[in-house]
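Index from 1, following the sequence.
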Amino acid sequence: VLAGMAASSGELGSVEFAVELDGREVVRTGPIERSSEPVRISNLEVSNVETMTLTVDFGRDGDVLDRANWCDAVLVRKHAASE
């Protein structure tokens with residue numbers, strides 16, 4: 001998954017991305033601004049996980065041009081050796 005600011009966000013836009021698995025936060029990016037490179041979030045172990053929650057929180061200036069994108073999110077099932 002790539003997470004970053006949308007092209008339409010302004011210079012003041014900033015956000016933080018987070019991932020929760022069964023209510024437990026496992027990833028938090030820290031502040032991402034318009035000028036930041038997208039952050040790659042990958043290889044999360046989701047075996048036996050009931051719920052995955054992707055969130056975007058306001059950045060330093062509250063809800064001012066905070067437009068964010070989660071891109072290319074994919075879940076891949078690993079096949080057991082016997083399959």
How long is the span from the CD atom in Glu50 to the CG atom in Asp22, to the nearest 0.5 Å? 6.0 Å
Sidechain-backbone polar pair: Arg34 side chain, Ala7 backbone, donor-acceptor under 3.5 Å: yes
Would you kindly confirm whether Ile32 and Leu54 end up in one hydrophobic cluster when ILVMFWY residues are joined by side chain heavy atoms under 4.5 Å apart? yes
Where do Met5 and Asn69 land on the side chain to side chain contact (heavy atoms under 4.5 Å, CB included) test, with the steps shown first? CA-CA 6 Å; Met5 296 293 294; Asn69 289 321; over 6 Å; no
Roughly how far, to the nearest 0.5 Å, is OG of Ser14 from CG of Asp66? 5.5 Å
Flag the pair Glu16 / Val56 as yes when at least one side-chain heavy-atom distance between them is below 4.5 Å, and no otherwise. no
When every non-hydrogen atom of Glu25 is compared with those of Ala18, the smallest separation belongs to OE1-CB, 3.7 Å
Step-by-step side chain to side chain contact (heavy atoms under 4.5 Å, CB included) determination, Val1 to Asp72: CA-CA 5 Å; Val1 174; Asp72 301 328; over 6 Å; no
Option among Val39, Ile41, Leu21 that satisfies the side chain to side chain contact (heavy atoms under 4.5 Å, CB included) test with Val27: Ile41
Do the side chain of Thr29 and the main chain of Phe17 share a donor and acceptor less than 3.5 angstrom apart? yes
Side chain to side chain contact (heavy atoms under 4.5 Å, CB included) assessment of Thr55 paired with Trp70: CA-CA 10 Å; Thr55 60; Trp70 292 94; 5.9 Å; no
With side chain to side chain contact (heavy atoms under 4.5 Å, CB included) as the criterion, how do Asp57 and Arg28 come out once you've worked through the C-alpha distance, each side chain's angles and the decisive distance to 0.1 Å? CA-CA 10 Å; Asp57 292 327; Arg28 178 162 290 274; 2.9 Å; yes
Identify whether Val49 and Leu75 are in the same connected component of the hydrophobic contact network (ILVMFWY, side-chain heavy atoms under 4.5 Å). yes
